[in-house]
Amino acid sequence: MSVDTKGVLLRERSGRLVLVLIAGYVVAAGVLGGALVAMGAIPPWREGSTFELVPGTAAMLLGAVAILAYLCGAPPSEAPLRRRGLALGAVLFLIGLEEAFSLHVIIGSERVVDLALWLAMAAVLHSFVSRVEISDRAALFLGGAWVVHGLSVFVEGTTMVFVLSPAAAEWVDEFLEFCYVPLYGVAVFCLPVITRFDNMATTPQDAALQASFAGAVERAALAIWGEIGFRLFRLSHPGATFADFYAYDIERKLATGASHPTLGKRKRVRRTGQALDLTTARHGARGRFVLERLFLEGLRPEHRVVDYGCGSLRIGQHFISFLDPGGYWGLDVTDSFYRDGLDLLPPGAAQARCPHLAVIDTTTLSDVRAQQPDFIVCVAVLLHVPPGELDMFFDRLLGLRAPHSVVALWFDESATLVRTQAKAWAYPRATILAQAGRAAPDAACTVEVFDDITARYGGLPVTRSILWVRPRAAEVPSE
């Protein structure tokens, strides 16, 4: 992977991950610190400093957990890695001990103790960086910690007497400490552990281990980030669904020139992270797999097809050219997606083929239902539907059926419910079949595995599967 490509991926993922981890740290340390204060285990502050408890308690716990992680996570064959990991955890634990319990009271001068501890942290981190090839994520956290810590040292050393009062300068210093301690804590984990998992994956067992640890950490962080974004969106849009939030977020990003794998006029190439501007020819080469699969189900030009969640017509463009004029209905939560798709069709195609394109609402669903569609396809939509909105999604989708309709729903399938990205989920087959059976009790519902996409999620076992909802008379008897 080139340096430029790494930079693209780093900018796309790392910024939000930093915010998520800091936010998670603040919440977790605040709750834990408050509980310890309530139990009288730790004094709430020291010498008027209101921020001592939270970073101190969190750093101490991070250090303790890090020691356990390195004891259990690094095999004996990697003794240098293990020793440096233990040293990092131990120094962070001592820093937390000093912050939370005023260790300098026993030893002597606070400045001397703090300086010694942070010099030890710098020495261990330098030892690690000089001997281990660290990942981009680890470098990001470590660099952020050094920058914020350096600013804190400057504030503490100068007291910024020409800008702030001594009391305000102390507050700023403690607030910066509140920020850089968690960054150091994350760096402690990223350097020895996540770096190792990022660079191994040489055997299937290693890949599974990578997915279970590093992948789980990243998915958890992205899940928190997605929930924070959705909750903030609902503050200004009461009653909005996750689909509304998803459309708003993607529209906003596309408007700034960002790329998306399936939406807009630019495509992000998954393997390189680079974005390319789509031409009509490039766009026409995408998404034909759905049309080809429906040929096996008896699709003919005179049929009427509904594309639920049509997006930028990656799938729909092939139905538009194959079906008789007026036979294609493309629906989505916003018109901006399919307007981009219309711009990418061959000149005159939209006027000649007369596709019906509309935003999903009550009137549109009623009009489409009245058309009695022969096929309803839904691709890469269910993966963006959270568990709490499955009922509404299936009621809307399967409510479009006529007695003869065949529904093909592509979804991400996993053994258990898992949030694969900030705005994406993979569902167990049983959950999807239960939802389909509830919304269409008169139909025959089956699931077919379409593609193994485990590699897309860093080893997490996920398949792209198809839920088929057919008239019960078309059900094939089991042999």
Side-chain angles (χ1 to χ4, degrees), residues 243 247 250-251 254-255 257 259-268 275-381 396-397 399-410 450 466:
I250 298 301
E251 281 184 286
L254 293 178
S259 62
H260 188 274
T262 61
L263 298 171
K265 299 178 183 179
R266 306 183 76 209
K267 177 187 176 184
R268 186 174 72 250
L276 56 86
D277 293 322
L278 290 174
T279 62
T280 297
R282 285 172 174 168
H283 183 61
R286 306 193 301 161
R288 188 175 173 82
F289 64 93
V290 178
L291 178 71
E292 293 173 346
R293 180 62 186 82
L294 260 62
F295 283 154
L296 303 178
E297 298 294 316
L299 177 69
R300 298 191 301 273
E302 64 268 22
H303 283 152
R304 284 159 295 190
V305 176
V306 175
D307 186 359
Y308 191 90
C310 62
S312 300
L313 305 179
R314 177 177 63 106
I315 306 296
Q317 60 180 324
H318 303 291
F319 287 103
I320 290 173
S321 62
F322 173 79
L323 298 172
D324 291 342
Y328 174 80
W329 290 74
L331 311 180
D332 214 315
V333 293
T334 176
D335 63 351
S336 66
F337 296 157
Y338 56 71
R339 281 194 280 107
D340 283 342
L342 287 173
D343 292 342
L344 293 168
L345 293 180
Q351 292 76 12
R353 312 305 297 179
C354 302
H356 300 278
L357 302 171
V359 175
I360 298 172
D361 58 25
T362 303
T363 301
T364 298
L365 294 175
S366 178
D367 292 344
V368 172
R369 189 181 304 112
Q371 296 297 315
Q372 294 197 323
D374 299 287
F375 289 93
I376 302 169
V377 297
C378 183
V379 183
V381 176
R396 282 184 171 184
L397 176 68
L400 300 175
R401 295 170 55 247
H404 64 283
S405 298
V406 174
V407 180
L409 168 66
W410 271 254
F450 184 74
I466 311 174

Please list, chain by chain and in numerical order, all residues satisfying side-chain contact (heavy atoms from CB on, under 4.5 Å) with [X], sequence neighbours excluded.
| X | result |
| --- | --- |
| His318 | Arg288, Leu291 |
| Thr364 | Leu331, Ala358, Asp361, Val368 |
| Thr262 | His260, Arg314 |
| Val381 | Cys378, Phe393 |

Can you name the closest pair of heavy atoms from [X] and [Y] and give their distance?
| X | Y | result |
| --- | --- | --- |
| Cys310 | Gly330 | SG-C, 3.6 Å |
| His283 | Gln317 | O-NE2, 2.6 Å |
| Ala247 | Val333 | CB-CG2, 3.4 Å |
| Pro373 | Ala402 | O-CB, 4.3 Å |
| Leu254 | Leu263 | CD2-O, 4.0 Å |

> Which residue pairs pass the side-chain hydrogen bond (donor to acceptor under 3.5 Å, both in side chains) test when at least one of the two sits in residues 370-381, sequence neighbours left out?
Replying inline: Asp374-His404
>> Filter on side-chain hydrogen bond (donor to acceptor under 3.5 Å, both in side chains), then keep only pairs touching residues 343-353, sequence neighbours left out; what's left?
In response: Lys265-Asp343
>> Going by ring-ring contact (aromatic ring centres under 6.0 Å, His included), name the residues that satisfy it together with Phe450, two or more places apart in sequence or in a different chain.
In response: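 Expected list: Phe289, Trp410.
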Between [atom1] of [X] and [atom2] of [Y], what distance do you get to the nearest 0.5 Å?
| X | Y | atom1 | atom2 | answer |
| --- | --- | --- | --- | --- |
| Leu323 | His303 | CG | NE2 | 9.5 Å |
| Leu276 | Arg268 | CG | CZ | 11.5 Å |
| Arg286 | Leu313 | CZ | CG | 10.0 Å |
| Ser312 | Ile315 | OG | CD1 | 11.0 Å |

> Does any pair with a residue in residues 321-341 pass ring pair (Phe, Tyr, Trp, His ring centres under 6.0 Å), and if so which ones, sequence neighbours excluded?
Replying inline: Phe295-Phe322, Trp329-His356
>> Using the salt bridge (Lys or Arg N to Asp or Glu O under 4.0 Å) criterion, which residues pair with Arg396? Sequence neighbours excluded.
In response: none
>> Among residues at least two apart in sequence or on other chains, which ones pass salt bridge (Lys or Arg N to Asp or Glu O under 4.0 Å) with Glu251?
In response: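 Scan of Glu251 (salt bridge (Lys or Arg N to Asp or Glu O under 4.0 Å), adjacent residues dropped) gives none.
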>> Asp307 vs Val290, test: side chain to side chain contact (heavy atoms under 4.5 Å, CB included). Steps then yes/no.
In response: CA-CA 10 Å; Asp307 186 359; Val290 178; over 6 Å; no
>> Please identify which of these residues, Val407, Leu400, Val377, meets the side-chain contact (heavy atoms from CB on, under 4.5 Å) condition with Tyr308.
In response: Leu400
> What residue pairs, at least two apart or across chains, pass salt bridge (charged side-chain N to carboxylate O under 4.0 Å, His left out) with a residue in residues 315-340?
Replying inline: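 Sorted pair list: Asp335-Arg339.
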>> For a side chain to side chain contact (heavy atoms under 4.5 Å, CB included) check, start with the C-alpha distance between Lys267 and Arg282, then their side-chain angles and the critical distance, and finish with the verdict.
In response: CA-CA 10 Å; Lys267 177 187 176 184; Arg282 285 172 174 168; over 6 Å; no
> Which residues satisfy the side chain to side chain donor-acceptor pair (under 3.5 Å) test with Arg293, sequence neighbours excluded?
Replying inline: Glu297, Glu448
>> Checking the side chain of Thr280 only, and the main-chain atoms of Pro346 only, is there a donor and an acceptor separated by less than 3.5 Å?
In response: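 Judged by distance alone, no pair lies under 3.5 Å.
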